[in-house]
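First comes the structure, then the notes that go with it.
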2 protein chains.
Amino acid sequence: MMRTITKHKIIIVDDHQLFSQSLQLLINSFKDFEVINRFENGKVFISHLQDNPDLEVDLILLDVNMPVLDGISTMKWVKENNPNLKVIALSVNDDEEIIIKMITNGAKGYLLKDTSPEIFKEAMISVIDKGFYFTESVSGILVKKANNDSKKINLKEKEILFIQYACTEKTYKEIASEMCLSPKTIDGYRESLFDKLEIKTRIGLVLYAIKHKIVLV
Amino acid sequence: MMRTITKHKIIIVDDHQLFSQSLQLLINSFKDFEVINRFENGKVFISHLQDNPDLEVDLILLDVNMPVLDGISTMKWVKENNPNLKVIALSVNDDEEIIIKMITNGAKGYLLKDTSPEIFKEAMISVIDKGFYFTESVSGILVKKANNDSKKINLKEKEILFIQYACTEKTYKEIASEMCLSPKTIDGYRESLFDKLEIKTRIGLVLYAIKHKIVLV
DNA sequence: ACAAAAAAGGGTGTTTTCCCCCTTGTTCTT
DNA sequence: AAGAACAAGGGGGAAAACACCCTTTTTTGT
């Protein structure tokens with residue numbers, strides 16, 4: 001006689017149909033797991049949650065890069081409205097900023113899509129049982145952020161404006177006149193920024209500005 | 001009695017194990033297809049081809065974004081050494097440049113990973129039978145490229161290298177010594193680039209480089 | 001084979017950038 | 001009320017960036 005086992009109920013949210021349908025096959029091939037639903041973006045997933053407030057689900061696999069409503073926005077909604085949901089973020093990129101955003105919004109795990117099925121299964125079990133699963137590299141990023149958070153640089157309005165001008169082909173003299181300041185004041189801005197940002201040239205300032213999205217390209 | 005059918009032999013090259021193993025399950029669920037091999041990057045795939053010159057394979061599914069040896073480099077090798085291989089490029093992004101590079105290097109199809117399994121199967125059949133499969137949007141990009149090709153700026157290897165150095169805090173003198181050229185030659189590079197790219201300062205060069213992804217930030 | 005580009009290097013001079021040290025006033029603390 | 005912190009401005013000088021015009025050598029097209 002066969003005993004009926006209650007399988008863990010999984011929902012996949014991913015816009016890549018090829019991946020999402022394939023992943024469903026993989027998960028269903030695991031004894032204790034079954035995919036009960038798939039959604040192609042955060043919006044339809046959230047709609048489904050709203051329509052089914054008593055939905056039983058053990059784990060959400062949430063893609064980070066999606067059209068319509070991406071992983072981060074979806075995670076924010078989950079944090080606000082359904083914080084008990086267990087979510088593992090799935091992504092192809094290991095951008096620190098994104099990892100941090102997903103985790104601070106309540107993701108219980110962050111896996112790259114090049115994870116092996118074994119690790120993947122382990123992560124699912126860990127999140128369902130222990131409540132979280134983080135690889136060493138993700139933990140490392142979290143520690144690093146914690147350290148860096150203390151010595152954070154905050155720029156004033158005028159500095160931001162100056163940086164934006166510096167990211168053009170104008171000379172400092174031209175910038176000064178556009179900002180209605182003396183060239184010598186601009187000189188001061190530059191030196192104080194070089195010091196603060198640990199750079200040595202205007203090129204460094206441009207690179208910093210782009211990296212930190214002070215100017216967009 | 002069951003008749004033995006020769007299935008189409010497929011190879012998957014993709015670094016995302018989760019995707020690649022799952023996709024194998026999906027393909028094997030199609031009657032006429034079977035995955036005979038999976039590789040995690042272009043390098044190991046090429047090694048396998050070299051070790052098995054008489055390998056019978058009907059179709060390669062090649063991921064574009066991979067570590068070690070990416071899709072484009074792998075495609076280049078295939079074009080040089082094994083041009084009869086039928087390859088469908090798989091990618092998450094629809095960057096025109098990349099699509100063009102893959103196709104000019106001989107890819108017979110280009111599919112986004114959010115394709116439905118039905119279209120995916122149709123594409124596989126089309127490439128095996130007719131030799132190609134392109135969606136309308138990909139065809140559109142090819143037409144557009146044909147038109148734009150006339151007024152294209154093409155940079156030489158050394159210029160690219162110089163631009164990359166210019167996007168650092170090094171001085172031209174330092175760049176010259178790192179590139180083993182006289183500072184005066186670097187001077188020439190700069191002036192010719194300023195002219196070609198219609199810019200006036202090194203800042204403009206940095207912005208151009210970032211916009212055109214010559215350097216990454 | 002020969003002209004035409006292109007690549008490499010040079011000279012000289014101007015402008016811009018960068019650096020260090022300085023003054024004056026204001027605001028905020030303690 | 002003294003001191004700290006900051007915003008605005010300044011002088012002078014060295015180094016880097018930029019401009020313009022030049023020669024020599026190598027590559028390339030036909």
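Just so we're on the same page: letters track the sequence lines, and every chain starts at 1. The shown structure was predicted, so the numbers you read here are calculated from the model rather than taken from an experiment.
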Okay, side chain of B:E159, backbone of B:K156: is any donor-acceptor separation there less than 3.5 Å? yes
Polar side chain donor-acceptor pair, A:Q17 to B:S116, under 3.5 angstrom: no
Distance-only, no hydrogens or angles: does the B:D70 side chain make a donor-acceptor pair with backbone N or O of B:S73 under 3.5 Å? yes
Could you check whether B:D63 pairs with B:K113 (Lys NZ or Arg NE/NH1/NH2 to Asp/Glu carboxylate O, under 4.0 Å)? yes
Side chains of B:D195 and B:S192: do they bring a donor and an acceptor to under 3.5 Å? no
Rounded to the Å, how far apart are A:I203 CD1 and D:dA16 P? 14 Å
Expressed in angstrom and rounded to an integer, what is the separation of A:I175 atom CD1 from C:dT16 atom C1'? 11 Å
Quick check: do A:T115 and A:T135 have side-chain heavy atoms less than 4.5 Å from each other? no
Starting from C1' on C:dA8, measure out to CG on B:L193 and report it in whole angstrom. 15 Å
Side chain to side chain, B:F120 and B:L61, heavy atoms closer than 4.5 Å: yes
Kindly indicate whether the side chain of A:R202, heavy atoms from C-beta on, has any atom under 4.5 Å from the side chain of B:I203. yes
Residues from residues 162-174 of chain B sitting under 4.0 Å of DNA chain D, heavy atoms only? B:T171, B:Y172, B:K173
Within the 4.0 Å heavy-atom criterion, would you say A:T201 contacts the bases, only the backbone, or no part of the nucleic acid? sugar-phosphate
Measuring from the side chain of B:K156 (C-beta onward, heavy atoms only), which nucleotide among C:dA7, D:dC20, C:dA8 has the closest atom? C:dA7
In whole angstrom, what separates A:L205's CG from C:dC19's P? 12 Å
I need the NZ-C1' distance between A:K200 and D:dA17, as an integer number of Å. 17 Å
Nucleic acid contacts of residues 181-190 of chain A, taken as heavy-atom distances under 4.0 Å to DNA chain D: A:L181, A:S182, A:K184, A:T185, A:Y189
note: B:E191, atom CD; C:dG9, atom C1'; distance rounded to Å ~ 13 Å
Side-chain touch A:S91/A:N65, heavy atoms, less than 4.5 angstrom: yes
Atom-pair distance (CZ on A:R202; C1' on C:dC19), nearest Å: 17 Å
